[in-house]
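Remarks on the structure that follows.
Protein chains get the first letters and strands the later ones, always in sequence-line order, with residue 1 at the start of each.
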Amino acid sequence: RDLPEIQEDVFQVANSGAYPPFSFVNTDGELVGFDVDIAEALAEKMGVEVNIQTSPWNGIVAALAGGRFDACICSMSATEERQKAVDFTDPYYSSGLSIWVREETDDVSSIADFEGKRVGSTLGETGNQWATEKAEGRWRNQTFQGLPDMLNALTTGRIDVMVADDIPVYVALNEDDLPIKQVDVGELPRFPAAIAVQKGSPELKEALNTALAEIRADGTYQEIVNTWIGEGVDFN
Amino acid sequence: MTQTTDTPMVELKGVKKRFGDLEVLKGIDLRVDRGKIISIIGPSGSGKSTLLRSINNLEVIDEGQILLDGVQVNRPDLKGMAFERHINHIRQNMGMVFQHFNLFPHMSTLDNVTLAPRKLKGMETKHARELGMELLERVGLADKAQAYPSSLSGGQKQRVAIARALAMRPKVMLFDEATSALDPELVEEVNQVMKGLAEEHMTMLIVTHEMGFARDVSDWAMFMDGGVVVEANTPDHLFSHPDQERTQHFLRKHLGAQA
Amino acid sequence: MTQTTDTPMVELKGVKKRFGDLEVLKGIDLRVDRGKIISIIGPSGSGKSTLLRSINNLEVIDEGQILLDGVQVNRPDLKGMAFERHINHIRQNMGMVFQHFNLFPHMSTLDNVTLAPRKLKGMETKHARELGMELLERVGLADKAQAYPSSLSGGQKQRVAIARALAMRPKVMLFDEATSALDPELVEEVNQVMKGLAEEHMTMLIVTHEMGFARDVSDWAMFMDGGVVVEANTPDHLFSHPDQERTQHFLRKHLGAQA
Amino acid sequence: MIDITPLLVKAAWVTVDISARALFFGFFIAAALVVMRTARLPPLRWLARAYISVVRGTPYFVQLLLVFYGGPAIGLRLDPFTCGVVVGAFNIGAYMSEAMRGAIESVESGQNEASRSLGFGRLATLRYIILPQAAGLMIRSIGVLAIILVKNSSLVSIISVVELTYQAQRLIGSTYKPLEIFTLSALMYIVIIYAVMGMVEFLYRRATRYTFR
Amino acid sequence: MEFDFTPVIDYFPTLLKGVGVTLLIGLTVALLSILGGQLVAVISLYTRKVVNWPLRFFIWLFMTTPLLLQLYFLYFGLGELILIPAIVVGILGLGFHYMAYNADIFMATIRSVSSGQYEASRSLGFGHLRTLLYIILPQAFYRALPQLSNNMIIMVKDIAVLSAIGIGELVYVSQYAISITFRPFEFYITIAVIYYLINLMMEAGQSWIERRAAYRR
Ligand SMILES: Nc1ncnc2c1ncn2[C@@H]1O[C@H](COP(=O)(O)OP(=O)(O)OP(=O)(O)O)[C@@H](O)[C@H]1O
Ligand SMILES: Nc1ncnc2c1ncn2[C@@H]1O[C@H](COP(=O)(O)OP(=O)(O)OP(=O)(O)O)[C@@H](O)[C@H]1O
Ligand SMILES: [Mg+2]
Ligand SMILES: [Mg+2]
């Protein structure tokens, strides 16, 4: 569906609902988070009614392609391969990979030190792809369904190194004091997170880009960042 | 299905049946008149059970014709539901007692007997119970009416099977060694029952290994071997002076006892 | 288990068996000497099958003693594995042919016969096959060695059951109406087989409804009714001049044929 | 913990609801398939066989995705819950028909013959003779399938039905308390499935009563 | 929606590897759960309550809780004590799970074998165990076959749950590929076809045994 149809109806937006602080279900059962607020702000600017729903991450692309919703505001990294299948708007934030080890680990300070270690990442995330491509047989990759599982595996010693998007880990550390630490291994790729829309809906993409620029300009964007990510974090 | 009394009750014309390569019935011809008892004897494996099962269409014959009271039983021309209706109707007029009894293990003796009249003839439960008890009485099992088949002795099972088949008041009864597990006293009684039924014009085909019984009870006797009818005659003739050497050999023991 | 020849092969002392309220064996005493054939006759439901089953401990008796070659079969004192070992050993010396045959449907005829010698006596497959074929030959079923029980006729099944029991070369054979599905020729042959076995000192207990067969084959005959032994004697005496009125009544038919 | 319990209970009810409905409709689909498999018209038999083969042969979640997202293309626009029930019923129906067939075939052929020889038709024979004797095995088999259905209902989350497992995962995502939430949801599964097992046991005992007489 | 299967072709070697893992696990688990299922059924039917109570409880636990939770428990929960390799956790979890289902069916079919069969074997002198082994279990197996094949067909697809503990079976590798290529339908259709081929083999096996069984009834 493109913009004209959406304007007559409701703008359907999805996220996974399991990726705090971007989207998650709070203990009152409400869907909240950075992505949710962004979606609402954008819809307001576009002057459309919005409905935000969850769809599990492993089915989210199928759902978008199948037309179950119009846009995926779900912290999705806009990689080249993905652009073949869906259209992306301008990035609305950029996230970076981060490397984590247990507190007592002291022999990891560069990617070369991964050699012979067990490295964890989350299925479907960019870190997973990065770790898989970089490994070249030097280390063993293990893949998890979500951050909580992976954190568990790291603390119990099932893996030695964890590759993950940084923000969610920071948030997790705020919630719970875990015996892990971040290590700097030098240059890691950063991925721009963008809104995915179905191919063949240029008007919607345009409207989203315009709205994005507007919320950036009027400070709404920074407010949302302050709420969910942290005061004054520069998120571009 | 009512025909003139001249029509034979059961008629077989050139009946053939094969199991794979094994030809078990090699062209059987047979005529049984209304109210007659015919006994079929023959060595083990000669095709006696197969013959009875074919008359009931439990085995589908490969060639030939089987007629019940002038109506053809095997109807290769009928398909599907049409054949289904046809054969169910035919079978309600035929009672069969199996060599292995095949009682329904999940029902009491009485229910085994009354199921068919209740469900097929729509007989009321009360009436069916009376009929069932009467039949069980007749075979000496009134006290086992509520017992389940698993607690019956061999002879008791066999008698329930007989009562079950009789409950539909069929025109024809097919007994496959229906007296093999009966003791002499009961054989006598069952013999009486059969004669009574014959007087009521029930026709009976009896496969048996008991020559004495066959001779006593039947109007006609037939000796089968290797899928063919070797000889058929009145029991007196067949059992005392069989014409065929094969029959003589088979009956040697029996003939010896006679002499 | 070898005792002097004076020890009876099978001995029952005051055996009682109840099914719930129903007392089926009311104190049975019996002695069968080595190499003897004893036939047990009696009306349906009189407890004949139960008696044989009790000897094989398939029914656990409530009172009394059963001894095989001087060794007690029922051992209420033994529990668990100890009893298990005891009874398996006993049973290997007893062959039983069931009223319903109970062939193993998932095995060929030959495998039915050879299973026990192979697995229990550790006989090599080749040797066991020879033995099996020999036994099948003896009961006239060599050509059905590879057939499965479902494709056998009644008499054929029964003969396989006999061959299966014989394959263990037991000291005692228990036949529960083991000849009811056999035709006269085969009865004759089985009769010969049994006499041959008796000469090799096999002891046999035969439940049968065929008085002629019982009379011919056995050394001793026993008439049971309502769970008690009414009369036991030589077959000649029992079948010709029974002492008890009950026996006379039961054998009336048979006695009539004699006269 | 207390505050999220109602959320989980609500999701557990969705699991029960969707499974019970799928089982109910699946039963009739299965019965129809069993009848078709023994039909005298060969095309009907082939159709049933092909259906069973394809449905058993492909993953449930793919079936869900195809119907849910592919459905609109052929004008079949189902809401997630309905879609879960419909696909679940057609899926479990294929398995259940095999279970029923197996139970029916386990009854000795002599029973069928005895009944047919009394003049009972195929359906009456099935009704009065075969089914009562097949019921025991059938109930146990269907019971196992029902349990599997309840457990696999978590797959419907892929078409965004919020049932017990998905809700638990979402809550873990926000609370970082995997152990507690998983334990809680496990307890709920235990309660649901224990109830199913109890029902199966009850029905099984009833159906096999005669074997203990 | 247009289909473009080129990504599938690119990832085909990866998918094949996934198929290999699925088949390997499937075979192992099938063996474990069928043999184990018979054993469990026999023990719970024929031993005293005190003996089989723990076993029944164990089975009950595997029956009532979802596979995913069992895997999490074995993988992460037990992980605090001993580190069991993921593949072992997967095979054991799946194996026990389906062992419980199979045992339930075997219990029903063992009881449906007529007592005459048991008696005939006992009267030949076979002990209880060997009677079960040679006489009862084969017949019970034939009768259980349709539901057994149901269970095994479901099991093969349940292997996908093992991706939760990072085992690279078929669904897992395709989801990885999907996350990169964003071509869900193409991949899902492909794995549906692959599963269907596996299923055809299983069905062929089932009907082969069933034909033999029919002959031997
Ligand atoms: N398991 C059981 N439960 C209850 N009653 C039983 C059981 N088995 C046998 N009976 C009853 O015990 C009595 C004796 O049975 P048994 O099988 O020993 O008779 P039988 O002498 O062998 O008769 P037949 O010649 O008919 O085979 C019968 O009345 C029968 O109904
Ligand atoms: N379903 C079958 N498949 C193959 N062969 C069969 C089948 N049923 C019967 N036979 C064979 O057909 C022949 C005739 O069997 P039938 O049961 O008619 O014999 P019968 O005369 O009744 O013998 P009995 O007196 O022993 O009961 C036998 O050799 C038997 O092995
Ligand atoms: Mg016969
Ligand atoms: Mg008896």
Side-chain angles (χ1 to χ4, degrees), chain B residues 49 52-53 55-59 78-109 111-121 146-152 160-161 164-168 170 172-174 176, chain D residues 31-32 34-48 100 102-141 202-213:
Chain B
S49 297
L52 286 200
R53 291 166 57 79
I55 295 177
N56 209 341
N57 206 61
L58 290 173
E59 304 288 356
L78 285 184
K79 295 269 174 285
M81 281 312 292
F83 180 73
E84 182 74 344
R85 263 193 307 276
H86 160 74
I87 198 67
N88 288 343
H89 187 65
I90 293 269
R91 281 175 177 154
Q92 291 188 26
N93 288 294
M94 274 198 261
M96 177 138 185
V97 182
F98 292 84
Q99 199 162 2
H100 286 275
F101 322 148
N102 293 337
L103 295 183
F104 304 136
H106 59 299
M107 293 179 181
S108 70
T109 298
D111 286 343
N112 261 280
V113 176
T114 60
L115 183 76
R118 274 187 296 131
K119 302 296 179 183
L120 288 173
K121 287 191 175 164
Q146 296 310 324
Y148 279 73
S150 61
S151 72
L152 297 182
V160 175
R164 181 175 70 178
L166 286 175
M168 282 298 280
V172 177
M173 283 280 283
L174 309 173
D176 197 352
Chain D
V34 170
V35 173
M36 275 170 77
R37 273 201 73 159
T38 54
R40 272 176 243 85
L41 277 179
L44 279 179
R45 288 203 301 269
W46 298 331
L47 196 68
M100 289 178 175
I104 287 168
E105 283 178 2
S106 77
V107 178
E108 254 184 280
S109 63
Q111 293 293 314
N112 182 49
E113 292 185 347
S115 170
R116 296 306 302 271
S117 80
L118 284 171
F120 283 107
R122 289 149 59 98
L123 277 180
T125 298
L126 198 63
R127 160 90 176 71
Y128 299 118
I129 307 303
I130 307 297
L131 284 183
Q133 294 180 56
L137 180 55
M138 203 178 285
I139 286 164
R140 283 240 93 96
S141 303
F202 172 76
L203 292 173
Y204 179 71
R205 278 184 194 281
R206 273 186 66 105
T208 54
R209 253 184 326 194
Y210 72 90
T211 54
F212 301 111
R213 302 238 178 196

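- In plain terms, the two heavy atoms of D:G119 and B:N88 that are nearest each other are O-CB, 3.5 Å.
- Shortest non-hydrogen contact noted between B:L120 and D:L118 is CD1-O, 3.4 Å.
- A 6.0 Å sphere centred on CZ of D:R206 holds no more than 12 heavy atoms belonging to other residues, nucleotides or ligands.
- Contacts with chain B were tallied for D:G110, D:S115, D:S117, D:P132; D:S117 has the most, counting heavy-atom pairs under 4.5 Å.
- Heavy-atom distances place the side chain of B:M168, and not its backbone, under 4.5 Å from chain D.
- Only the side chain of B:R53 comes within less than 4.5 Å of a heavy atom in chain D; its backbone stays farther off.
- In this structure, the separation between CZ on D:F120 and CD on B:Q92 is 8.5 Å, given to the nearest 0.5 Å.
- Atom CD of B:E59 is separated from atom CD of D:E113 by 7.0 Å, given to the nearest 0.5 angstrom.
- For chain D, the nearby part of B:F98 is the side chain; its heavy atoms alone come within less than 4.5 Å.
- Here the side chain of D:Q111 pairs a donor or acceptor atom with the backbone of B:L103 at under 3.5 angstrom.
- Under a 3.5 Å cut-off, the side chain of B:H106 and the backbone N or O of D:R209 do not form any donor-acceptor pair.
- The side-chain heavy atoms of B:I87 and D:R116, taken from C-beta on, include a pair separated by under 4.5 Å.
- Chain D forms the most heavy-atom pairs under 4.5 Å with one residue out of B:K79, B:M94, B:R91, and that residue is B:R91.
- Both the backbone and the side chain of B:M81 come within contact range of chain D, each with at least one heavy atom under 4.5 Å from a heavy atom of that chain.
- Chain D forms the most heavy-atom pairs under 4.5 Å with one residue out of B:R164, B:K119, B:M96, and that residue is B:K119.
- The main-chain N or O of D:R122 is found under 3.5 Å from a side-chain atom of B:E84 such that the two form a donor-acceptor pair.
- Going from atom CG of D:N112 over to atom CG of B:N102 covers 10.0 Å, rounded to the nearest 0.5 Å.
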